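Notes follow the structure.
Just so it is clear, the values below take in all heavy atoms, side chains as well, and ignore hydrogens, waters and symmetry mates. What you see is a predicted model; the values in this text were computed from it and never measured. Count residues from 1 along the sequence.
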Amino acid sequence: MPSKDQMEAEGILRVVVENLIDAQNNLKSIGEDTKSETLRRWFLAESLKRAEFRGEIEGFLHREGARDIDQDGTASAAVVRAWAGLKAKLGGSDQGLLEIAEEGERSMLTAYADALEMDLPQPVREMLATQAARVRESHQYVAAAVAGAAN
């Protein structure tokens, strides 16, 4: 039987995975809806990076004996994706899509911060810290794009 600490660690890692699923789907959707070819390529590449991060965490969880992870993400992200899609279809600007992306990356950073507060094995902590650093860079890129689009 897993210890309380192991169960808590698995729980927080599952939250990160759910957020990664959300981020992967949202970034892909925004990439498909943006008018800018540069942003399209960037968002689609970042979507793939979130899938890679998710695979790394799920691989660890499976090695530790965790059962399968929910592949749907969170309900709130499904609403965000639907809203972004609707905005794009109604002629929404890249500015609006960038703002949605920035909020999503901010949520992803919160999930990583919460996970890194836990007492996790060092290899997992290092993996999460590396992933969080990439998401932080992504958030900064999106925030700069939001500011640039506003001008």
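Among residues two or more places apart in sequence or in another chain, the side-chain hydrogen bond (donor to acceptor under 3.5 Å, both in side chains) test is passed with Glu64 by none. In terms of the side-chain hydrogen bond (donor to acceptor under 3.5 Å, both in side chains) criterion, Arg136 has no residue partners (sequence neighbours excluded).
For Glu32 and Lys28, the salt-bridge test passes: some basic side-chain N is under 4.0 Å from an acidic carboxylate O. At a threshold of 4.0 Å, the pair Arg40-Glu37 counts as salt-bridged, since one of the basic side-chain nitrogens sits closer than that to a carboxylate oxygen.
Summarising the geometry, atom CE belonging to Met108 is positioned 10.5 Å from atom OG belonging to Ser138; distances are rounded to the nearest 0.5 Å. Taken from CE in Met7 to CZ in Arg14, the straight-line distance is 11.0 Å, to the nearest 0.5 Å. Taking CD1 of Ile21 as the reference point, atom CZ of Arg50 lies at 13.5 Å (rounded to 0.5 Å). The distance from the CG atom of Leu27 to the CG atom of Leu20 is 10.0 Å, given to the nearest 0.5 Å. Put simply, CG on Asp119 and CD on Glu8 are 10.0 Å apart, with the number rounded to the nearest 0.5 Å. With values rounded to the nearest 0.5 angstrom, Leu97 atom CG is found 9.0 Å from Leu39 atom CG.
Checking side-chain atoms of Asp94 against main-chain N and O of Thr34 turns up no donor-acceptor pair under 3.5 Å. Looking at Asn26, its side chain never comes within 3.5 Å of a backbone N or O of Gly104 through a donor-acceptor pair.
Heavy atoms only, all atoms of each residue included: Gly31 and Phe43 are closest at CA-CB, 3.5 Å. Contact record, Arg125 with Leu120: NH2-N, 3.8 Å, taken as the closest heavy-atom pair. Taking all atoms of both residues into account, the shortest heavy-atom contact from Ala132 to Leu109 is O-CD2, 3.7 Å. Residues Ala111 and Val16 come closest through the heavy atom pair O-CG2, 3.7 Å. In terms of heavy atoms, Leu98 sits closest to Val142 at O-CG1, 3.4 Å. Shown here for Val146 and Gln95, the closest heavy-atom pair between the two residues is O-OE1, 3.2 Å.
The closest side-chain heavy-atom distance from Arg134 to Glu46 is below 4.5 Å. Put simply, the side chain of Asn19 does not reach to within 4.5 Å of the side chain of Thr110, judged on heavy atoms. Under the 4.5 Å side-chain criterion, counting only non-hydrogen atoms from C-beta, Phe53 is in contact with Val135. At a threshold of 4.5 Å between non-hydrogen side-chain atoms, the residues Val15 and Asp114 do not count as touching. Annotation: side chain of Glu105 is not in contact with side chain of Glu102 (no heavy-atom distance under 4.5 Å).
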